[in-house]
Number of protein chains: 2
Amino acid sequence: MAFADYYGRLFEGVDEVIVGELERVSVCRSLEPHGYLFDQYSQARGVYVLEQGVIMIERSSAAGRRQILGFSYPGDFVGLTHDGSFEYSVRSLTQALVREFPIAVFRRLSDASPQLKANVNRIGGSVLAHAIDQVFALGQKRAHERVCYLLAEIRRRGVGPDENTVELAMTRQDIADYLGLTMETVSRAMRRLSDDGIIDMPGPQTVNLIEPAAVLRLGSVKGD
Amino acid sequence: MAFADYYGRLFEGVDEVIVGELERVSVCRSLEPHGYLFDQYSQARGVYVLEQGVIMIERSSAAGRRQILGFSYPGDFVGLTHDGSFEYSVRSLTQALVREFPIAVFRRLSDASPQLKANVNRIGGSVLAHAIDQVFALGQKRAHERVCYLLAEIRRRGVGPDENTVELAMTRQDIADYLGLTMETVSRAMRRLSDDGIIDMPGPQTVNLIEPAAVLRLGSVKGD
DNA sequence: CGCCGTATTGAAACACCTCAATGCAGGTGG
DNA sequence: CCACCTGCATTGAGGTGTTTCAATACGGCG
């Protein structure tokens, strides 16, 4: 069943009746590049699963500074919120398609399905794990190491033709706002990695990992 | 009932029978200053509630770099883990007392008590919110702003004799490892805030917020 | 008193940022 | 089809904030 396949992480092991009902009440929304799925001041209307495209989760401050919290790829669940209001915005990098599940129905069904609730919690746990990784990267790593952290992360997501080719859907500015740098520093850091023979860049959006082990080592945010 | 009072955030609204059983199987552990409650390579044996003292959550890398992820005060729940193994260590700053709940019993009872499970999820949500705040602070803020972020955070916790007096249980090095700075930079940033008349430091561990509004503004990691 | 860990302060080095110029590719209009 | 514009990426030069290394001060405790 294509639907459940697609939303495997969210619907894994969930009763088909529940999944069917969610499918029925869901709507598909299309997003233009740079369009908002929702913003950080709004109340949660639904939860979402990304079907196509790449989106980013970001938080902006009154001072106009922007921190990107993560990038999401097809199959990812977004819109996790605890108090019902988002503390971040979600915008699309590319043309994108998302499936929206009304929050009330989703809550009701996840109360009815322990498995669905467990899946949501599992996803919440991985979101937290990711945030902690990012804290470590921003707190302890130099520019070129942070770039490797991002490259390793995207590689792990398995987008791109093979496991050592990374396609960057985002601009240098987006990368900079994710890693707490400026886009010039990101550009120079990538140049440096390229000069060192660790990566190769046939174009600005494509990175070949020549020495994947070095990328993983430089980007590592774990204890071992 | 003192027990439930103390663990209000975790046991709020939870059936007394459940709370009683948890109390019965719990053990109290004492921690020396700088002692480990558990480390990032261990399997989760239990979940914990801090009774006395101040502890820190930290992650260390193979390269010997340390990132502090947060500080916890009495009443805080720690040991949240998702896959059963910790990705961080918890150490005590001061002499401390924690109550340990064996993980198996805790899991069984939280399966039995939707309210307890909801409380754990709520705490998990606030942990995530905190991590996101820290990402923003590390990615977008200068040294003196990051210090204000920490001061505002501790102030909000309400430790200290009055709301504008902040007692720092941690050393400058701990603060530095929390904010992604060096201890010298922390020291200079605090000096600058003091020179600007925003704070006053009668001693290294005590900070009076002369202009709390300025501290909050400089340390703000939210959109408004 | 003298030791030791912590905190502060200073000077110099360095990483990153800022500002500015150039290059490059895609899209539009002449 | 080419000229031109526009947005993004790169590169350079100079400035700034943070780090590094080193010296000094402070405070608790033997």
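None of the values given here were measured: they were computed from a predicted structure. The analysis underlying the following values was restricted to heavy atoms, covering all of them including side chains, and did not include hydrogens, waters or symmetry mates. Chain letters run A, B, ... following the sequence lines, proteins first and then strands; every chain starts at 1.
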Charged N to carboxylate O below 4.0 Å: is that the case for [X] and [Y]?
X: B/Arg65; Y: A/Glu145; value: yes
X: B/Arg91; Y: B/Asp174; value: no
X: B/Arg191; Y: B/Glu184; value: no
X: A/Asp76; Y: A/Arg9; value: yes
X: A/Asp195; Y: A/Arg188; value: no
X: A/Arg59; Y: B/Asp133; value: yes

Nucleotide N/O of nucleotides 6-10 of chain C paired with protein N/O under 3.5 Å:
from   : atom 1 : to       : atom 2 : distance (Å)
C/dA7  : OP1    : B/Arg172 : N      : 3.4
C/dA7  : OP1    : B/Gln205 : NE2    : 3.1
C/dA7  : OP2    : B/Arg172 : N      : 2.9
C/dT8  : OP1    : B/Arg172 : NH2    : 3.2
C/dT8  : OP2    : B/Arg172 : NE     : 2.7
C/dT8  : OP2    : B/Arg172 : NH2    : 3.4
C/dT8  : OP2    : B/Ser187 : OG     : 2.9
C/dT8  : O5'    : B/Ser187 : OG     : 3.2
C/dT9  : OP1    : B/Arg191 : NE     : 3.2
C/dT9  : OP2    : B/Arg191 : NE     : 2.8
C/dG10 : N7     : B/Arg188 : NH1    : 2.9
C/dG10 : O6     : B/Arg188 : NH2    : 3.4

[X] [atom1] to [N] [atom2]: how many Å, rounded?
X: A/Ile175; N: C/dC17; atom1: CD1; atom2: P; answer: 14 Å
X: B/Leu179; N: D/dT18; atom1: CG; atom2: P; answer: 12 Å
X: A/Leu181; N: D/dA9; atom1: CG; atom2: P; answer: 15 Å

With the threshold set at under 4.0 Å for non-hydrogen atoms, list the residues of residues 58-66 of chain B touching DNA chain C in residue-number order. none
For DNA chain C, which residues in residues 133-146 of chain A have a heavy atom at a distance below 4.0 Å?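 When residues 133-146 of chain A is checked for heavy atoms under 4.0 Å from DNA chain C, the hits, listed by number, are A/Arg142, A/Ala143.
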B/Asp200 side chain to B/Val207 main-chain N or O, any donor-acceptor pair under 3.5 Å? no
Side-chain donor-acceptor pair present, B/Glu87, B/Gln40, cut-off under 3.5 Å: no
Using a 6.0 Å cut-off, check whether atom CZ of B/Arg45 has over 12 heavy atoms from anything other than its own residue. no
Between OG on residue A/Ser89 and CZ on residue A/Phe38, distance to nearest 0.5 Å: 7.5 Å
